[in-house]
Every structure is written in C-alpha cells, then in structure tokens.
Amino acid sequence: MNTTEPMPALLEAYFADLDRALIGTDERERAETVQAMREHAAEMLHRHGVSEKTAERVIGDFGPVEQIAAAATSTPAPASAPAPTRSWSDIWLLVGSIVSLLFYVFPLFGIAMLIWAILRIRRTSGNRTLQKAALWVSGVSVAFSIGMFISHALHAL
C-alpha cells in the first residue's frame, strides 16, 4: 500500500507522537512499527474514505501511543559486568562457620551454622558462593566436632 498519500492531520499528529514515544527502542523496530501502522492507516483510509471520522476510528483501533511504546522492545543496554551483590547475612554465615571450625569444642554452634547454611541455600537469594563455602566449612566443623566427641568417648572407656 502506498503511504505517500496525504493523511489527515489527526493521524499525522498521532504518528509523530508515536515516533517520539518509541525513542529509546531499537531503531529498526521503531521504523518498522511506525511504517506498518502507517500502511494499516492508509489501507483503512482507502477503504472507508479520507475523513476525520475515519482517522478517529483508526486511532481508536490502534490504541494509546503509550501502550504501543510499552509493548516495543527497548534498546539493549551495553553489556557490563553485573555488580556483585553483597549479602551481609551470607557474610556473617561464612564468618560464623569459620568460627565454629576454629572453636570445634562448641558443636552446637557448628550445627547451628550448618542449618543456617542449608536454609540460605534453599532460598533463591543471596550470594551462592558464600553460602556454599559456609555450608562446607560448617559441615567440616560439625564432622570434626563429632569426631572429637567420639574420640573422647572411646578414650574415656
């Protein structure tokens, strides 16, 4: 369909608004969207006659400019390394696990850290690396504490 035919001023203003609303989207998609909508409008005008009433009908069919702009794909942001998230609860979890390893004579503390690490890993938030490190350290601490307890129990007999 030829879109070089003059359109009513109402449609021209609508397409100008649409073009401004699509700023920030992919340039190719922006041009294709506006061109496809112009072709559809030209077809409707050709079918129903060039009038303000038809222009209003076409705009009503298209919907608000903001709705069309919201459906368009935004321009991809330049790829950059995501900022590491610092989860203080995960940091304290790892610190607590290390302390439980250093003070293996407090096995309940090590068990508490192991349970906390398991609960944090089961959630899908936080720093997974810190959580896994805390899980391993507290697991070793609990195993070491249990080993020391069994060793003391056997020597006491």
Side-chain angles (χ1 to χ4, degrees), residues 1 3 10-44 55-157:
M1 171 97 348
T3 59
L10 187 60
L11 274 173
E12 289 297 339
Y14 180 84
F15 289 127
D17 289 345
L18 177 64
D19 195 46
R20 280 190 296 276
L22 290 173
I23 290 175
T25 61
D26 181 57
E27 288 294 322
R28 181 175 167 202
E29 183 177 358
R30 177 180 175 189
E32 288 175 357
T33 300
V34 173
Q35 183 60 31
M37 292 181 75
R38 279 186 171 277
E39 289 174 3
H40 181 70
E43 183 180 317
M44 293 293 287
E56 290 173 3
R57 181 176 173 194
V58 170
I59 291 172
D61 287 346
F62 286 154
V65 171
E66 295 80 16
Q67 185 179 12
I68 296 167
T73 307
S74 61
T75 303
S80 63
T85 57
R86 180 169 289 156
S87 174
W88 286 105
S89 59
D90 292 332
I91 292 171
W92 284 112
L93 172 63
L94 183 60
V95 168
S97 297
I98 292 170
V99 167
S100 73
L101 182 62
L102 294 175
F103 298 107
Y104 59 87
V105 292
F106 301 119
L108 292 178
F109 189 69
I111 292 170
M113 290 297 110
L114 182 62
I115 291 170
W116 189 18
I118 291 169
L119 291 175
R120 289 291 297 166
I121 285 177
R122 291 187 73 164
R123 293 169 109 189
T124 56
S125 63
N127 187 325
R128 301 303 265 179
T129 306
L130 288 175
Q131 293 168 357
K132 288 179 182 179
L135 178 69
W136 282 103
V137 170
S138 59
V140 167
S141 172
V142 168
F144 193 62
S145 294
I146 291 172
M148 292 299 289
F149 178 76
I150 291 172
S151 172
H152 267 332
L154 290 177
H155 284 359
L157 296 176

> Is Arg57 atom CZ crowded by more than 12 heavy atoms from other residues, nucleotides or ligands, each under 6.0 Å away?
Replying inline: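 Open.
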Closest approach of [X] to [Y] (non-hydrogen atoms, all atoms of both residues):
X: Ala41; Y: Leu11; value: CB-CD1, 4.2 Å
X: Ala21; Y: Val65; value: CB-CG1, 3.3 Å
X: Thr25; Y: Leu22; value: OG1-O, 2.5 Å

> About how many Å separate CD1 of Ile59 and CG of Leu10, when rounded to the nearest 0.5 Å?
Replying inline: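 One finds 3.5 Å between CG of Leu10 and CD1 of Ile59.
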>> Can you tell me how far apart CD (Glu66) and CG (Leu18) are? Round to the nearest 0.5 Å.
In response: 10.0 Å
> Phe62 vs Tyr14 aromatic rings, parallel, tilted or perpendicular, using cut-offs 30° and 60°?
Replying inline: parallel
>> Set out, in order, the CA-CA distance, both residues' side-chain angles and the distance that settles side-chain contact (heavy atoms from CB on, under 4.5 Å) for Met37 and Val58, then state yes or no.
In response: CA-CA 10 Å; Met37 292 181 75; Val58 170; over 6 Å; no
List, one per line, each side-chain donor-acceptor pair under 3.5 Å for residues 108-123, sequence neighbours excluded.
unit_1 : atom_1 : unit_2 : atom_2 : d
Arg120 : NE     : Asp90  : OD1    : 2.8
Arg120 : NH2    : Ser87  : OG     : 3.3
Arg120 : NH2    : Ser89  : OG     : 3.2
Arg120 : NH2    : Asp90  : OD1    : 3.0
Arg120 : NH2    : Asp90  : OD2    : 3.2

>> Less than 4.5 Å apart, side chain to side chain, heavy atoms only: is that true for Ile146 and Phe149?
In response: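 They are not in contact (no side-chain heavy atoms under 4.5 Å apart), so the answer is no.
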> Any side-chain heavy-atom pair from Leu93 and Leu130 closer than 4.5 angstrom?
Replying inline: no
>> Check whether Ser145 reaches the backbone of Ser141 with its side chain - one donor and one acceptor, N or O, closer than 3.5 Å.
In response: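 Answer holds: yes.
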> Going by atom types only, do Gln35 and Arg38 share a side-chain donor-acceptor pair under 3.5 Å?
Replying inline: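 Not at all, the side chains of Gln35 and Arg38 share no donor-acceptor pair under 3.5 Å.
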